[in-house]
Asks: 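Structure provided below as structure tokens; questions to follow.
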Amino acid sequence: MRLSQYLFSTSKESSKEAEYSSHKLMLRAGLIKKFAAGIYSYLPLGYRVLAKISSVIEDEMDHIGAQRLLLPFLQPAHLWKKSGRWRNYGKELVRFQDRKGADFALGPTHEEIITQLVKEEISSYKRLPLTLYQIQTKFRDELRPRGGVIRAREFLMKDAYSFCRNKEELISVYQKMKGVYERIFSRCGLNYKVVEADTGPIGGKVSEEFIALASSGEDKIVVCKHCGYTAKLEKAEYEPLEEAQNELKAMKEVSTPNARTVQEVSQFLHCRPRDILKTIFYQTEKGLIAVLIRGDHQINEAKLKTLLKVKKLEIAGNNLIKEEIGVEPGFTGPVGLDKYRLIADNTVMRSQNLVAGANRKDTHLLNVNAGRDFQPTIIGDIGFPLSGDMCPFCKSRMEVRRGIEIGHLFQLGEVYSRSLKATFLNEKGEEDYFVMGCYGIGVSRLLAAIIEQNHDSQGVIWPPEITPFQAIVIPTSEKTLKVAEDIYQDLKDHGVETLWDDRDLSAGVKFNDADLVGIPFKVIVGDTFLKEDRIEIKTRREAKIEKVRKNMISQRMKELTQDAK
RNA sequence: CGGGAUGUAGCGCAGCCUGGUAAGCGCGCCUGCCCCGGGAGCAGGAGGUCGUGGGUUCAAAUCCCACCAUCCCGACCA
């Protein structure tokens, strides 16, 4: 492709809208263009990467016999009404009516459609297991799109669905799919972790996420470097760091005027946040409870709900607390609160001589100790881990990392086949519900994740399998333009995906653009050619230069691109 | 949906406080010359409903009100 004729523009500055380096680089390199919040066009260069990723996906999915198809983006509402999600999905599901007044939705996911399709097509166990997938635009009217294509409203997704005879077959397909995902993400040049995850509104029981490590990611995970344990923060088990055993000191009242928050109290008393005991009140259907956790940790309400076996769990309002306890939040503590259920986090039990509210205005207690000064009703893990907390399995210190969710696996079971009455006949001639799994990859989001992990101060560094072009031929002046064209033709003829920078610009501009866009090999036709009759090949990632004779270029480039893969 | 911020040329910004001088700068774009190994130089040029609507005023990019859009934090989220 001649660059002068390619829809291609780079800029030195990125829009002020971009916060993440991947977003900035995608805009600067001219991969995408925004039209509304979370709505993007993929320009030719960006689209080439999407196409490359798609073909890696297709290649790997093919290995396990998954079949590609294309389902409608516009979905009739009646299937959604049957599954119950017409009401339950929330405002992310865009609903509208056609000219006849029939309800439709823009597809945010395709369980209903595919289940209906398979229900109509498959009636015998002999045709199972069956795995189908598509790569298609999804629309979710997100509350807050962010990070460019990291969380867009319209985005490209690969979604696969498996239909099995029974649970065992589902588990076997699921495991194969997990292997496929691992190979896809590795080929895309990604550093990722597999973590246990919640199933959310999709439903089902078992679920794992693939998280690409990135400081700009929205998801937090804990990683144990020692034994490899990884989990989403909200699901993570952990043990608080063991404190040195201190002698229990006598409890003592101190005046703490206007010091309410953990930060204020720790500053006022010159202690660490972890020396403070937080008391948070929740209203439940079983009455008001007090939840106790160490000052440096946060309460995980999902864990708390499970531990208490309650449905309703709401932070108690200031007025209610004042009425019940007789003091405003900030000065509450567990001592003397025996008539309420006291739920203590493990962190509280592992610490001695904590600072807690005295249930009196502007007053705290020093040296409060669980077991001696108050008796917790229930003790358990109800917090989020912090970096430095211990792995539940090997007791090593764990780290909290951020990442971008790039893939998600679900064992759905019979959730959709039951609601849509999708059955097949088993060996005994009886009707069974399909046992389903579904498996997603955020294809457009992968672009951002890959760039997050593969860039430097100059720009993007594309991994070899998904680079939009493998090489760019750069003549450094008019004198070498013709030779450059010959080389470009030669490379093209030999199947090397090549750009030819025929623009009338200074060499520096061309080098910088090539680096910004991240082309793995620059083929430079300049002084070295004029003086030494050699062409330079310079690599993007390592900036290594080798000099090659003109007639050897295509052969050498073929070798280099093969090696890179 | 709560908190914070921003809307002036394709992009990045100044002007606004203190209304009138003035629609201005840099990048990019077009023409010509000159350059050509890491974002050159000179000369000329095109490009604007100052987010939208209303109000105040002799006069509004500038002051006031409402709305819209966008971004960030949070909540939310296959």
Side-chain angles (χ1 to χ4, degrees), chain A residues 8-20 23-24 27-28 30 33-39 85 88-93 107-111 138 140-148 150-153 155 157-161 197-204 206-211 216 218-219 232 234 298 301-302 315 404-412 415-416 437-442 445 457-459 474-481 484 501 503-516 522 524-532 535-536 538 543 545:
Chain A
F8 169 86
S9 60
T10 56
S11 69
K12 286 184 223 172
E13 292 163 312
S14 69
S15 161
K16 63 181 169 177
E17 289 182 351
E19 197 77 3
Y20 302 148
H23 190 192
K24 284 182 182 159
L27 292 168
R28 284 187 54 208
K33 191 166 183 65
K34 189 183 83 168
F35 281 87
I39 312 279
R85 290 205 293 182
N88 298 337
Y89 206 93
K91 286 194 170 172
E92 276 183 40
L93 182 69
T109 173
H110 282 72
E111 283 81 9
K138 298 279 183 279
R140 294 179 193 175
D141 198 1
E142 297 280 353
L143 270 175
R144 184 153 101 77
R146 72 178 89 185
I150 290 179
R151 177 164 297 276
R153 291 193 292 172
F155 60 100
M157 178 177 224
K158 186 236 62 166
D159 45 328
Y161 306 88
D198 269 327
T199 51
I202 292 287
V206 178
S207 172
E208 288 172 291
E209 280 181 24
F210 285 74
I211 304 282
S216 60
E218 303 178 81
D219 293 302
K232 294 284 290 253
E234 61 268 23
Q298 298 291 324
E301 294 182 2
I315 287 251
I404 300 167
E405 180 191 340
I406 49 175
H408 207 149
L409 310 174
F410 295 87
Q411 291 180 17
L412 289 173
V415 184
Y416 291 93
C438 75
Y439 319 90
I441 292 179
R445 175 183 282 180
S457 60
Q458 296 301 302
I474 300 178
T476 61
S477 76
E478 228 171 308
K479 288 177 223 159
T480 54
L481 193 64
D501 196 344
R503 298 175 299 171
D504 183 20
L505 291 169
S506 73
V509 175
K510 295 180 183 178
F511 291 146
N512 282 309
D513 274 350
D515 288 346
L516 173 59
K522 289 190 286 286
I524 304 166
V525 193
D527 289 350
T528 317
F529 175 72
L530 297 172
K531 290 176 193 152
E532 304 172 33
I535 313 292
E536 284 174 42
K538 187 169 183 181
I545 296 174

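The shown structure was predicted, so the numbers you read here are calculated from the model rather than taken from an experiment.
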Asks: Could you tell me how far B:U18 sits from B:U62 if I compare only their C1' atoms? Round to whole Å.
Replies: 10 Å
Asks: Could you measure between the two C1' atoms, the one in B:A75 and the one in B:G39, and give it in whole Å?
Replies: 43 Å
Asks: Using a 4.0 Å heavy-atom cut-off, write out nucleotides 11-16 of chain B from 5' to 3' as B (base contacted by protein), S (sugar-phosphate only) or - (no contact).
Replies: SSS---
Asks: Kindly write out the residues that satisfy salt bridge (charged side-chain N to carboxylate O under 4.0 Å, His left out) with A:Glu19, not counting sequence neighbours, or none if the list is empty.
Replies: none
Asks: Once each nucleotide of nucleotides 33-38 of chain B is scored for protein heavy atoms under 4.0 Å, what B/S/- sequence comes out, 5' to 3'?
Replies: --BBBB
Asks: List for me each residue that meets side chain to side chain donor-acceptor pair (under 3.5 Å) alongside A:Arg503, sequence neighbours excluded, and say none if there are none.
Replies: A:Asp501, A:Asp513
Asks: Whole angstrom is fine here: how far is it from CD in A:Glu301 over to C1' in B:A75?
Replies: 11 Å
Asks: When the distance from CD of A:Glu19 to P of B:G4 is rounded to whole Å, what number comes out?
Replies: 18 Å
Asks: Could you measure between the two P atoms, the one in B:A14 and the one in B:U8, and give it in whole Å?
Replies: 11 Å
Asks: Sequence neighbours left out, what passes side chain to side chain contact (heavy atoms under 4.5 Å, CB included) with A:Pro108? Give chain and number order.
Replies: A:Trp80, A:Tyr89, A:Leu93, A:Arg140
Asks: Expressed in whole Å, how much space separates the P atoms belonging to B:C64 and B:C16?
Replies: 14 Å
Asks: Just to verify, what does A:Ala484 make a side chain to side chain contact (heavy atoms under 4.5 Å, CB included) with, not counting sequence neighbours?
Replies: A:Val473, A:Pro475, A:Trp500, A:Val525
Asks: Write down the distance between NZ (A:Lys24) and P (B:C71), rounded to a whole number of angstrom.
Replies: 15 Å
Asks: Using the C1' atom in both, what is the distance from B:G12 to B:C1, to the nearest Å?
Replies: 32 Å
Asks: What residues, two or more places apart in sequence or in another chain, satisfy side chain to side chain contact (heavy atoms under 4.5 Å, CB included) together with A:Asn512?
Replies: A:Gln458
Asks: Regarding A:Arg153, tell me which of base, sugar-phosphate or nothing describes its non-hydrogen contacts under 4.0 Å with the strands shown.
Replies: nothing
Asks: Please give the distance between the C1' atoms of B:C73 and B:A66 as a whole number of Å.
Replies: 26 Å
Asks: Can you check whether A:Arg146 has a side-chain N or O nearer than 4.0 Å to OP1 or OP2 of B:C73?
Replies: yes
Asks: Look through every strand shown and name the nucleotide pairing with B:C36 as Watson-Crick or G-U wobble, where both distances are under 3.5 Å.
Replies: none
Asks: Could you state the atom-to-atom distance from NZ of A:Lys232 to P of B:C77 in whole Å?
Replies: 11 Å
Asks: Rounded off to whole Å, could you give me the CD-to-P distance for the A:Glu405 and B:C77 pair?
Replies: 13 Å
Asks: Suppose we define a pair by two distances each less than 3.5 Å, Watson-Crick or G-U wobble; what does B:U31 pair with here?
Replies: B:A43
Asks: Considering only heavy atoms from C-beta outward, does the side chain of A:Arg85 approach that of A:Tyr416 to under 4.5 Å?
Replies: yes
Asks: Under 4.0 Å, counting only non-hydrogen atoms across every strand here, what does A:Pro145 touch: a base, just sugar-phosphate, or nothing?
Replies: sugar-phosphate
Asks: With sequence neighbours excluded, what pairs up with A:Thr528 under the side chain to side chain contact (heavy atoms under 4.5 Å, CB included) test?
Replies: A:Glu532, A:Arg534, A:Glu536, A:Lys547
Asks: Once you apply the 3.5 Å cut-off to both distances, tell me the Watson-Crick or G-U wobble partner of B:C67, or none.
Replies: B:G51
Asks: What does B:G74 pair with, Watson-Crick or G-U, if both distances are under 3.5 Å?
Replies: B:C1
Asks: Watson-Crick or G-U wobble partner for B:C58, using a 3.5 Å limit on both distances?
Replies: B:G20
Asks: Apply ring-ring contact (aromatic ring centres under 6.0 Å, His included) to A:Tyr161 and list each qualifying residue two or more places apart in sequence or on a separate chain.
Replies: none
Asks: Between A:Arg144 and B:C72, is there a side-chain N or O to OP1/OP2 distance below 4.0 Å?
Replies: yes
Asks: When we call it a touch if two heavy atoms are under 4.0 Å apart, what does A:Lys34 touch: a base, just sugar-phosphate, or nothing?
Replies: sugar-phosphate
Asks: By the rule that syn is within 90° of 0, classify the base conformation of B:A22 as syn or anti.
Replies: syn
Asks: Taking the side chain of A:Leu516 as heavy atoms from C-beta outward, which of B:A75, B:G39, B:C71 is closest to it?
Replies: B:G39
Asks: Could you state the atom-to-atom distance from CG of A:Leu143 to P of B:U70 in whole Å?
Replies: 13 Å
Asks: Rounded to whole angstrom, note down the C1' distance from B:G10 over to B:U56.
Replies: 35 Å
Asks: Just to be sure I understand the rule, does A:Gly147 reach a base, reach only the sugar-phosphate, or reach nothing, if contact means heavy atoms closer than 4.0 Å?
Replies: sugar-phosphate
Asks: Rounded to whole angstrom units, what separation is found between the CZ atom of A:Arg503 and the C1' atom of B:G28?
Replies: 12 Å
Asks: When the C1' atoms of B:A40 and B:C35 are compared, how many Å lie between them, rounded to an integer?
Replies: 7 Å
Asks: To the nearest Å, give me how far apart OH (A:Tyr20) and P (B:C71) are.
Replies: 12 Å
Asks: Write down the partner of B:A9 under the Watson-Crick or G-U wobble criteria, each distance required to be under 3.5 Å.
Replies: none
